[in-house]
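Values below: every heavy atom of this structure, side chains too, minus hydrogens, waters and symmetry copies. Residue numbers run from 1 in the order of the sequence given.
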Amino acid sequence: MTRVLLTGAAGQIGTELASALAADLGPQNVLATDVRDPGEWHRGQGPAAVLDCLDPAAVERTVAQFRPDHVYHLAAILSATGEKRPRRAWDLNVGSLINILEVARTHPCRLFVPSSIAAFGPGAPRSPTPQRTVQRPNTMYGITKVAGELLCDYYHSRFDVDVRGVRFPGLISYTAPPGGGTTDYAVEIFHAALADGHYKCFLGPDTRLDMMYLADGIRAARELMEAPGEDLEDRNAYNITAMQFTPAELADAIRKLMPDFTIEYDPDPVRQAIADSWPERLDDSAARAQWGWEPRYTLERTVAVMLEGVARKRSQDDETV
Ligand code: SER
């Protein structure tokens with residue numbers, strides 16, 4: 001059975017990915033780690049541990065003891081927080097990645113390292129954004145993502161580390177909140193709709209961005225990890241996409257199910273500038289051709305599952321108060 005180690009397992013992606021992997025592989029085969037104490041975030045049945053990926057000895061020890069076949073390296077600081085603490089974002093995003101890549105040289109395992117729409121910036125075509133095009137992002141988060149893609153390519157070609165990755169669009173889910181991102185509005189809006197019937201959006205109404213329901217994102221990561229390595233010409237950063245919308249279009253889609261929902265706009269200059277520099281739609285033809293990527297969640301389906309999921313979570317939270 002495949003043994004899997006996750007870093008950053010307390011985050012938006014890690015929480016759902018750990019449960020999906022534990023359900024398929026058996027909880028004992030999935031080690032969920034995060035810099036935060038598992039008592040604060042771990043709800044699953046399998047093992048969980050504290051792991052600070054900036055500590056190379058701790059990374060080495062964890063990998064040597066658990067002997068994972070696959071590692072999903074999800075620990076990172078997102079775009080908006082990265083602009084508040086650029087030096088910290090560089091240190092964490094790049095420093096943790098190189099520690100993981102170094103360990104993978106001596107403990108052979110397959111790595112998944114996420115990149116992002118943020119790896120593009122001014123100068124790149126925005127709709128569609130090709131798989132291979134100019135990458136000159138002007139956010140620290142984006143700079144760490146481009147550096148990460150290059151590092152992964154380097155460790156693959158120089159040391160034969162089997163590392164793979166996708167460029168995620170904004171990810172939408174209700175299990176665990178995203179933190180400090182620019183696309184987070186597309187999650188917050190559902191919580192506000194159900195709590196207040198109203199949302200004040202930090203991006204302007206016409207800001208079109210590339211988005212994806214997290215279940216599609218998790219399936220993408222897992223399918224890429226299972227794909228035959230020899231087919232992966234663009235192995236470390238496949239564009240993937242599922243849907244593209246603006247805040248106004250998302251609000252319209254919510255209103256189809258909640259006719260009284262209202263939205264107002266109060267753009268935050270920092271996050272608006274970040275969003276304006278990012279792709280509206282990634283061209284995902286390389287991922288489709290090389291490992292069969294295909295999204296399943298449309299905007300309508302995403303809105304329906306989010307309203308249902310957030311409502312269920314709210315009533316569970318009420319019961320536990
Ligand atoms: N969702 C991320 C962010 O907004 C982009 O990868 O920072």
Run the side-chain donor-acceptor check on residues 225-234: report pairs under 3.5 Å with partners two or more places apart or on a different chain.
{"from": "Glu233", "atom 1": "OE2", "to": "Arg132", "atom 2": "NH2", "distance (Å)": "3.4"}
{"from": "Asp234", "atom 1": "OD1", "to": "Arg132", "atom 2": "NE", "distance (Å)": "2.8"}
{"from": "Asp234", "atom 1": "OD1", "to": "Arg132", "atom 2": "NH2", "distance (Å)": "2.9"}
{"from": "Asp234", "atom 1": "OD2", "to": "Arg132", "atom 2": "NH2", "distance (Å)": "3.3"}
{"from": "Asp234", "atom 1": "OD2", "to": "Gln290", "atom 2": "NE2", "distance (Å)": "2.8"}

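- Residue pairs that meet the side chain to side chain donor-acceptor pair (under 3.5 Å) test with at least one member in residues 68-77, sequence neighbours left out, are Thr7-His73, His73-Ser96.
- Stacking of Arg105 on the aromatic ring of Phe159 is recorded, both the 6.0 Å distance cut-off and the 45° axial limit being met.
- For residues 8-22, no residue pair satisfies the salt bridge (Lys or Arg N to Asp or Glu O under 4.0 Å) rule, not counting sequence neighbours.
- Under a 4.5 Å side-chain heavy-atom criterion applied to ILVMFWY residues, the cluster that includes Val146 comprises Leu150 as well.
- Legend: side chain to side chain donor-acceptor pair (under 3.5 Å) pairs involving residues 247-261, not counting sequence neighbours, sorted by first then second residue: Arg208-Glu249, Asp252-Arg255.
- Annotation: side-chain hydrogen bond (donor to acceptor under 3.5 Å, both in side chains) contacts of Ser79 (sequence neighbours excluded): Thr182.
- Residues that satisfy the salt bridge (Lys or Arg N to Asp or Glu O under 4.0 Å) test with Glu188, not counting sequence neighbours, are absent from this structure.
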Please tabulate, for side-chain N and O atoms in residues 291-299, each donor-acceptor pair with protein atoms closer than 3.5 Å (sequence neighbours left out).
{"from": "Trp293", "atom 1": "NE1", "to": "Asp284", "atom 2": "OD2", "distance (Å)": "3.0"}
{"from": "Tyr297", "atom 1": "OH", "to": "Arg301", "atom 2": "NH2", "distance (Å)": "3.4"}
{"from": "Thr298", "atom 1": "OG1", "to": "Arg301", "atom 2": "N", "distance (Å)": "3.2"}

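- Evaluation of the salt bridge (Lys or Arg N to Asp or Glu O under 4.0 Å) test over residues 110-129, restricted to residues two or more places apart or in two chains, returns Arg110-Asp162, Arg126-Glu280.
- Remark: Asp206 engages no residue in a salt bridge (Lys or Arg N to Asp or Glu O under 4.0 Å) (not counting sequence neighbours).
- Within the structure, the side chain to side chain donor-acceptor pair (under 3.5 Å) test picks out the following pairs touching residues 23-32 (sequence neighbours left out): Asp24-Arg222.
- Within the structure, side chain to side chain donor-acceptor pair (under 3.5 Å) pairs that include any residue of residues 37-66 comprise Glu60-His107 (at least two apart or interchain).
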